[in-house]
S.K.: 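One structure follows; several queries about it will come next.
Every number for a ligand or one of its atoms is a count from 1 in the order of the listing.
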Amino acid sequence: MQLPPVLSPSILSIVLLSGLATAILPTAKQPWSNYTVHDKTRPLPPKVKVDKPITTPAPSDAIVLFNGKGTSEWTQPWRVKDGVMIASPKDNLTKREFADCQLHLEWRVPAGRKVKGQSGGNSGIFLMNLYEVQILESHDNLTYADGQAGALYGQTPPSVNASLPQGSWQSYDIFFKAPRYDGKKLISPAYITVIHNGVVIHNHQQFYGPTKWRRVFKYPETHPEKAPIRLQWHRDPIEYRNIWVRPLK
Ligand code: MG
């Protein structure tokens, strides 16, 4: 078969494999809802009109993870330009590890970038390297409810859609409580409260396990007490600024 010149064998194999994975991986039923993971029939959260993000400067007891200058707190040297850290190849983890914490983070999907569904405007914040709060263009762009901006990916959609337009800065203020274990027994799941551009979109919502594409994951038998925060590289140059964290006792 003659391949079009833009489809090199490696690109073609990625396209074919991802298509194959979509075809053969069943989407799991969510035991906690009436839906399957990424169910397209799940109602989308109502839109809330917001004016601007919250841009709280780091308080004195916060650990500053990015303030417009270097990436020394991170494992990957993501590109920094004009005080903005730009998602670049490979997921980026904090060098420090965290459990219970308050996290402030500002992000932006670059204006003019072509976005469709989960493509073009996708990143994410993984608390403890396992639990994703989705970052996505969701002002105009439609996708499944548990995959839009602010979703606990593949689990719980945000209660409302507080997205600002593409090209605008947006803020997340996250309060995270790590799961609790007694030996190998889960005593309490992870909980999260998320404020998106000043609007509560999750209020002490539990994670049902680590988040995953098309899958339902149970809590592992062994869980780290602390772990890095991870920013997702999803092949889109999502921009970040003003990231700080306060470990909570
Ligand atoms: Mg993502």
S.K.: Taking the Mg ion (ligand 1) as the vertex, how big is the angle to OE2 in E132 and OD1 in N122, rounded to 10°?
M.R.: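 OE2 of E132, the Mg ion (ligand 1) and OD1 of N122 span an angle of about 160°.
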S.K.: Any salt bridge linking D100 with R180? Criterion: basic side-chain nitrogen under 4.0 Å from a carboxylate oxygen.
M.R.: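 The answer is yes: the pair qualifies as a salt bridge.
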S.K.: Between the side chain of H139 and the main-chain N/O of S163, is any donor-acceptor distance below 3.5 Å?
M.R.: yes
S.K.: Are L164 and V115 connected into the same hydrophobic cluster when the rule is that any two of I, L, V, M, F, W, Y join if their side-chain heavy atoms are below 4.5 Å apart?
M.R.: yes
S.K.: The Mg ion (ligand 1) to Y153: any N/O/S contact under 2.8 Å?
M.R.: no
S.K.: Confirm or rule out an N/O/S atom of Q118, from backbone or side chain, lying less than 2.8 Å from the Mg ion (ligand 1).
M.R.: no
S.K.: Whether the side chain of W244 engages the backbone of H104 through a donor-acceptor N/O pair (distance < 3.5 Å, no angle test) should be reported.
M.R.: no
